[in-house]
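Structure record follows, encoded as structure tokens.
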2 protein chains.
Amino acid sequence: MKIEELIRDKNIKLTTARVKLLEILKAADKPLCYEEIKNDISMDKATFYRNISKFEEEDILNAFESNDKKRYFELKLTPHAHFVCVQCNKVECVKNIDIALVNYEINNIIINGKCPSCVEAS
Amino acid sequence: MKIEELIRDKNIKLTTARVKLLEILKAADKPLCYEEIKNDISMDKATFYRNISKFEEEDILNAFESNDKKRYFELKLTPHAHFVCVQCNKVECVKNIDIALVNYEINNIIINGKCPSCVEAS
DNA sequence: TTTACTCTGCAACTTAGTCGCATTTAATAC
DNA sequence: GTATTAAATGCGACTAAGTTGCAGAGTAAA
């Protein structure tokens, strides 16, 4: 899928900086935070967060707060859950988990706990 | 269950301030953040967070970051999931959800989305 | 190319949570 | 009960992710 398809019919101008940002998010196999992206973009911090908000408004991106007080971002492509290790703060995707709540609208599921390496180390 | 039982065999001194804090958390029917507790305790902010960390270390409390950039705290009594509304930031408990991941240790499950009132309003 | 509007960078700001340090308090020994 | 000691507390200064205001630059449509 091309970046252009992602934002088709959305109220978003396709600037060079935004294309780069969307490409990075599309290529990632897990949610990323600003710190993990900043070196690969030449975009100001303020602009970065303003773009992220824009993408959220236009419903092409999911964001959540992890345990390290940072927000993590991921394109809404195939819905899946996320695991966050409370010890090493690693974030990973978890497939095959499905939860339904009547009358609720579910955006994201986050599982907090210890990842296998941290379980073993403790 | 009494507060004394909660911290039995734990490396925790039972100060007046701590008993009050634990009583508030025990009485709550959902996770609370500092802002929701501060008016009911006469404890400094720094002391509050140091006690919360202590309780986490001693494994009697779960904490997680919500969407409003605040940490929410709850005693580890009966394990259950939590729903956080991305619109009104309300936090509620969700029973009857069970997830298992082989080799992982699960502390908490957080479901992000829109609560019924916010779904209806949008 | 002109116009209208959005995007961007910069710098200052906000705020939940943390840290250092001097003082107080709880638990144990005497 | 009193002394001892290690942990708990309050205060104020600090940290850092994320936000805001503003002036200038870029984009898309006429």
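Everything numeric in this text was worked out from a predicted model, so none of it was measured. Residue numbers begin at 1 in each chain, while the letters A, B, ... track the order of the sequences.
For D:dA7, the OP1/OP2 oxygens have no side-chain nitrogen or oxygen of B:Asn11 closer than 4.0 Å. A sub-4.0 Å separation between OP1 or OP2 of D:dG10 and a side-chain N or O of B:Thr47 is present. B:Arg18 has a side-chain polar atom (N or O) that falls below the 4.0 Å cut-off from OP1 or OP2 of D:dA8. In this structure, B:Tyr49 reaches the C:dG17 phosphate: one of its side-chain N or O atoms is under 4.0 Å from OP1 or OP2. Between A:Thr15 and C:dT6, a side-chain N or O to OP1/OP2 separation shorter than 4.0 Å is absent. Distances shown here put every side-chain N or O of A:Ser53 at or beyond 4.0 Å from the OP1 or OP2 atom of D:dT19.
In plain terms, the two heavy atoms of A:Lys26 and A:Leu77 that are nearest each other are CG-CD1, 4.5 Å. Of all non-hydrogen atoms in B:Glu65 and A:Ser66, the two that sit nearest each other are CG-O, 2.7 Å.
Rounded to whole Å, atom P of C:dC19 lies 16 Å from atom CZ of B:Phe48. Distance CD (B:Glu65) to C1' (C:dT18): 13 Å, rounded to an integer number of Å. One can place CD1 of B:Ile12 at 12 Å from C1' of D:dA8, the figure rounded to the nearest angstrom. Separating the CZ atom of A:Phe64 from the P atom of D:dA17 is a distance of 17 Å, rounded to the nearest angstrom. As rounded to whole Å, 11 Å separates atom P of D:dA16 from atom NZ of A:Lys38. One interatomic measurement links the two molecules: CG of A:Asp44 to C1' of C:dA11, which rounds to 10 Å at whole-angstrom precision. Computed from coordinates, the B:Asn67 CG to D:dT19 P distance equals 12 Å when rounded to whole Å. Whole-Å rounding puts the A:Lys45 NZ to C:dC13 C1' distance at 10 Å.
Projected onto DNA chain C by closest heavy-atom contact, A:Lys13 and B:Ala46 fall at different nucleotides, the more 5' of which corresponds to A:Lys13. Residue A:Arg50 is the one, among A:Arg50 and B:Thr16, whose nearest nucleotide of DNA chain C lies closer to the 5' end (criterion: closest heavy atom).
A salt bridge does not link B:Lys30 to B:Glu92: none of the charged side-chain nitrogens sits closer than 4.0 Å to a carboxylate oxygen.
Using a 4.0 Å heavy-atom criterion, one finds that B:Lys69 contacts the sugar-phosphate atoms exclusively. Residue contacts shown for A:Ser66 are absent, as no nucleic acid heavy atom lies under 4.0 Å away. Residue A:Lys70 is classed as a sugar-phosphate contact, given heavy-atom separations below 4.0 Å to backbone atoms only.
Taking the six-membered ring for Trp, A:Phe73 and A:Phe48 have ring centres closer than 6.0 Å.
B:Glu74 places none of its side-chain heavy atoms less than 4.5 Å from the side chain of B:Leu61.
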